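Here the structure is laid out as structure tokens; the discussion comes afterwards.
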Amino acid sequence: MLNVTVWNENRHEQKNPKVQEVYPEGIHGAIAHFLGKAEYNVQTATLDEPKHGLTKETLDKTDVLLWWGHIAHEEVRDDVVEKVHQRVLDGMGLIVLHSGHFSKIFKKLMGTSCDLKWREADEKERIWVVDPSHPITEGIGEYIELEKEEMYGEHFDIPAPDQLLFVSWFEGGEVFRSGCTYQRGKGKVFYFRPGHETYPTYYNEDVQKVMINAVQWAKPTELPKPVYGNAEPLELILKKS
Ligand code: ZN
């Protein structure tokens, strides 16, 4: 069974009654609940725990890490970010959600500002599947429709994705690359846009399906350890005169 860790900043939940109402057990609690039902072995970790809950023991038991953060990206310790970054390069899967686009770990992996346009106006979002052959979009129809979401608009300052899976359309007219995959070292990274804290997005069954699929896709692969550095030739190299 795959080991999944859901990391959440968990600050809006403590400060904003509207968010508490939507996610009484926190965003991490809601995500852990449906991933657990999908038969993953799920644990959660939050910013205010020692080492933000991402101890060596926790990371040793993590095949795929999900990341939700927004107002406290700067409070995430650089040494923890460094450890998570190394784990990704070594093969741990990482799924970055919504406002996690500005997290230290995502910006470090991307190497760009990861900036975008945004607006909170209770508008409709239609998330179009643009890669129907990808395992992450399996079981989703042509699109996912969310009645109310925050708008994120282009330009989204990310490197060109390895695979672009979703493009969102918003009622106000903007579009956005909502589902992007990257490989960094031996690790797989998936960015998935929806999930503003005041909307019940993580209860949407299609959104859940995408995240369940993404965990499966991002799991580490069993590969022989690559060999680097100076190498002896495999064949006899003839002496050139
Ligand atoms: Zn948001």
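Computed from a prediction, not measured in an experiment: that's the story for all the values here. Ligands are counted one by one from 1 in listed order, and the atoms in each one are counted from 1 as well.
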Contacts of P224 meeting side-chain contact (heavy atoms from CB on, under 4.5 Å) (sequence neighbours excluded), chain-then-number -> none
In short, salt bridge (Lys or Arg N to Asp or Glu O under 4.0 Å) pairs touching residues 135-148 with sequence neighbours left out are K124-E145, R126-E145
Hits for salt bridge (Lys or Arg N to Asp or Glu O under 4.0 Å) against D115, two or more places apart or cross-chain, chain-then-number order -> none
Do the two ring centres, one from W128 and one from Y143, sit under 6.0 Å apart?
yes
Protein-side N, O or S atoms sitting under 2.8 Å from the Zn ion (ligand 1) are H98 NE2, E150 OE1, H196 ND1
One should read off an interatomic distance between T62 OG1 and N41 CG, to the nearest 0.5 angstrom, of 10.0 Å
Considering only NZ, NE, NH1 and NH2 on the basic side and carboxylate oxygens on the acidic side, decide whether E149 and R193 come within less than 4.0 Å. yes
